[in-house]
Amino acid sequence: MKKIIGFIMIFFLVFLVGCKDEEVLSSEQQLALDIQIIDDYLEANNIDAQVHESEIRYVVETEGTGESPTESSRVIAKYEGRFLDGQVFDKNSIGVNFGLDNLIQAWKEMIPEMKEGGKITIYCPSGLGYGRIGSGSQGIPGNAILVFDIELVSLVRSDSEQLAIDLAIIDEYLAENNIDAEVHSSGIRFVTITEGTGQSPTLSSLLNVDYTGKLLNGEVFDANDAAELRLNNLIDAWKTMLPTMQEGGKIVFYSPSKYCYGNTGFADIAPNTNLIFEVELNSIR
């Protein structure tokens, strides 16, 4: 009797698995289903979208004016990812450095269609997103249709190309604000507020400084008085400019992103951000 019950249970499980397999759609069937759902959504929300050859539906929010990336480019992008019901599953409003060849197919298809400064919204069939498996780390279920708002901030360029761009931006800022700055051999622009009379630091020095860090738009992102800092633990802009100072001195320097947080950024500082530092060197230990 137990053997009979065992065979019945096995048969029942095989039957369930067989039924489940029959319900799994082919890639073509899933794509057709996803497109129908997307088109119904667009129609219900009066969204006039274009159709890419990949079957992705998209809306151009802003035409860019810069260069277009290739599928192998690295780019800096801001984005929001959400489901059709509006639930956001991922977002970055600062800007992230991405290699396009490491991203989902939808991004590989659509970002090369953009230009720097451009913004689009794409409606992504599941097969061009995370497919049948989904992404557990992001809470994306299998066969999920996704919507992405993408802003292509810029391509990631070589250090020398980005430095030239940054210096042009800094020089324009200085001219607009009537600031007469000197030029360090590194390319950093600086203004001496007070000449110091004491010693100059080395990279191993422990410094006591008052400082303020700002973006070019004037926003302060960091400030401290009497901060104790080891120079060789700091960003290259400080390692470059602080040894030119003497105790009691105060300078303002305008640093290209290369000497700050580069093309990856840090915390709330976006990639390729030029920074201003006001630094007073109180003492050296």
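Using a 4.5 Å heavy-atom cutoff, the side chains of V156 and S73 are not in contact. Residues D268 and F221 are not in side-chain contact: their nearest non-hydrogen atoms beyond the backbone lie 4.5 Å or more apart. Under the 4.5 Å side-chain criterion, counting only non-hydrogen atoms from C-beta, Y173 is in contact with I276. Side-chain contact between Y254 and I179: present, with at least one pair of heavy atoms (C-beta onward) separated by less than 4.5 Å. A 4.5 Å side-chain heavy-atom check between V59 and I47 finds at least one atom pair inside the cut-off. The shortest side-chain heavy-atom distance between F190 and H184 falls under the 4.5 Å cut-off. Taking 4.5 Å as the limit, some side-chain heavy atom of W238 sits within range of a side-chain heavy atom of L231. Contact check for I56 versus E109: side-chain heavy atoms found under the 4.5 Å cut-off.
I38 approaches I145 most closely through the heavy-atom pair CG1-CG2, 3.6 Å. Annotation for E116 and V153: closest pair CB-O, 4.1 Å, computed over non-hydrogen atoms. Closest heavy-atom contact between V191 and D180: CG2-O, 3.8 Å. The two residues C124 and G129 have their closest heavy-atom pair at SG-N, 3.6 Å. Between C260 and S255, the shortest heavy-atom distance links the atoms SG-OG, 3.2 Å. For P201 against M245, the heavy-atom pair with the smallest separation is CD-O, 3.5 Å.
For F83, the ring-ring contact (aromatic ring centres under 6.0 Å, His included) partners at least two apart in sequence or on another chain are F89. Under the salt bridge (charged side-chain N to carboxylate O under 4.0 Å, His left out) criterion, K108 pairs with no residue, sequence neighbours left out. Y259 is linked by a ring-ring contact (aromatic ring centres under 6.0 Å, His included) to nothing, counting only residues two or more places apart in sequence or in another chain. E195 is linked by a salt bridge (charged side-chain N to carboxylate O under 4.0 Å, His left out) to nothing, counting only residues two or more places apart in sequence or in another chain. Listed by chain and residue number, L163, R189, P256 satisfy the side-chain contact (heavy atoms from CB on, under 4.5 Å) test with L167 (two or more places apart in sequence, or in another chain). In terms of the side-chain hydrogen bond (donor to acceptor under 3.5 Å, both in side chains) criterion, Q246 has no residue partners (sequence neighbours excluded). Looking at residues two or more places apart in sequence or on another chain, you find a ring-ring contact (aromatic ring centres under 6.0 Å, His included) between Y261 and F266. Under the ring-ring contact (aromatic ring centres under 6.0 Å, His included) criterion, Y130 pairs with no residue at all, not counting sequence neighbours. Among residues two or more places apart in sequence or in another chain, the side-chain hydrogen bond (donor to acceptor under 3.5 Å, both in side chains) test is passed with N272 by Q162. Applying the salt bridge (charged side-chain N to carboxylate O under 4.0 Å, His left out) test to R74 and every residue at least two apart in sequence or in another chain returns nothing.
Note that the OG atom of S205 and the CD atom of E247 stand 9.0 Å from one another [nearest 0.5 Å]. Taking CG of L152 as the start and CD1 of I120 as the end, the distance is 9.0 Å to the nearest 0.5 Å. Atom CZ in R157 sits 9.0 Å away from atom CD1 in I76 (nearest 0.5 Å). The structure places NZ of K258 at 8.5 Å from OG of S186, a figure rounded to the nearest 0.5 Å. Note that OG of S54 and CG of L128 are 5.5 Å apart. Values are rounded to the nearest 0.5 Å. Rounding to the nearest 0.5 Å places CG of N143 at 9.5 Å from CD1 of I37.
In this structure a side-chain-to-backbone donor-acceptor pair under 3.5 Å is missing from D149 to Y79. Not one N or O on the side chain of N92 forms a donor-acceptor pair closer than 3.5 Å with the backbone of K78. A donor-acceptor pair under 3.5 Å is absent between the side-chain atoms of Q30 and the main chain of S27, judged by distance alone.
Between D90 and R82 there is no salt bridge, since no side-chain nitrogen of the basic residue lies less than 4.0 Å from a carboxylate oxygen of the acidic one.
Aromatic ring orientation, F148 versus W107: perpendicular (interplanar angle above 60°, classes split at 30° and 60°).
Connection of V147 to I150 is not established within any shared hydrophobic cluster, with ILVMFWY side chains joined at heavy-atom distances below 4.5 Å, either directly or through further cluster members. Note on M110: it clusters hydrophobically with V60, by side-chain heavy-atom contacts below 4.5 Å among ILVMFWY residues. Hydrophobic clustering of Ile, Leu, Val, Met, Phe, Trp and Tyr side chains at less than 4.5 Å, counting indirect connections, keeps M241 apart from L174. Under the 4.5 Å side-chain heavy-atom criterion for ILVMFWY residues, a single connected hydrophobic cluster contains both L234 and I269. In the hydrophobic clustering of ILVMFWY residues, with side-chain heavy atoms under 4.5 Å counting as a link, I235 and F253 come out together.
I35 forms part of a hydrophobic cluster together with L31, judged by ILVMFWY side-chain heavy-atom separations under 4.5 Å.
When the shell of 6.0 Å around CD1 of I133 is examined, it contains 12 or fewer heavy atoms from other residues, nucleotides or ligands. Other residues, nucleotides and ligands place more than 12 heavy atoms under 6.0 Å from the CD atom of E228. Within 6.0 Å of CD in E43 there are 12 or fewer heavy atoms belonging to other residues, nucleotides or ligands. Other residues, nucleotides and ligands place no more than 12 heavy atoms under 6.0 Å from the CG atom of D48.
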Stepwise side chain to side chain donor-acceptor pair (under 3.5 Å) test for T264 and N97: CA-CA 6 Å; T264 57; N97 184 327; over 6 Å; no
Residue pair Y211, D222: steps toward the side chain to side chain donor-acceptor pair (under 3.5 Å) verdict: CA-CA 8 Å; Y211 72 89; D222 193 14; 3.0 Å; yes
Stepwise side chain to side chain donor-acceptor pair (under 3.5 Å) test for S158 and E161: CA-CA 5 Å; S158 68; E161 290 176 314; 3.2 Å; yes
Stepwise side chain to side chain donor-acceptor pair (under 3.5 Å) test for T121 and E61: CA-CA 7 Å; T121 299; E61 309 292 350; 3.1 Å; yes
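In summary, of the residues considered (E53, R57, H52), a side-chain contact (heavy atoms from CB on, under 4.5 Å) with E55 occurs for R57 alone.
For the 3.5 Å distance criterion, the side chains of S257 and D166 qualify, holding a donor opposite an acceptor.
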Without placing hydrogens or testing angles, list every side-chain donor-acceptor pair under 3.5 Å for residues 278-285, not counting sequence neighbours.
residue, atom, partner, partner atom, Å
E278, OE2, K214, NZ, 3.2
N282, ND2, N208, OD1, 2.8
N282, ND2, D210, OD1, 3.1

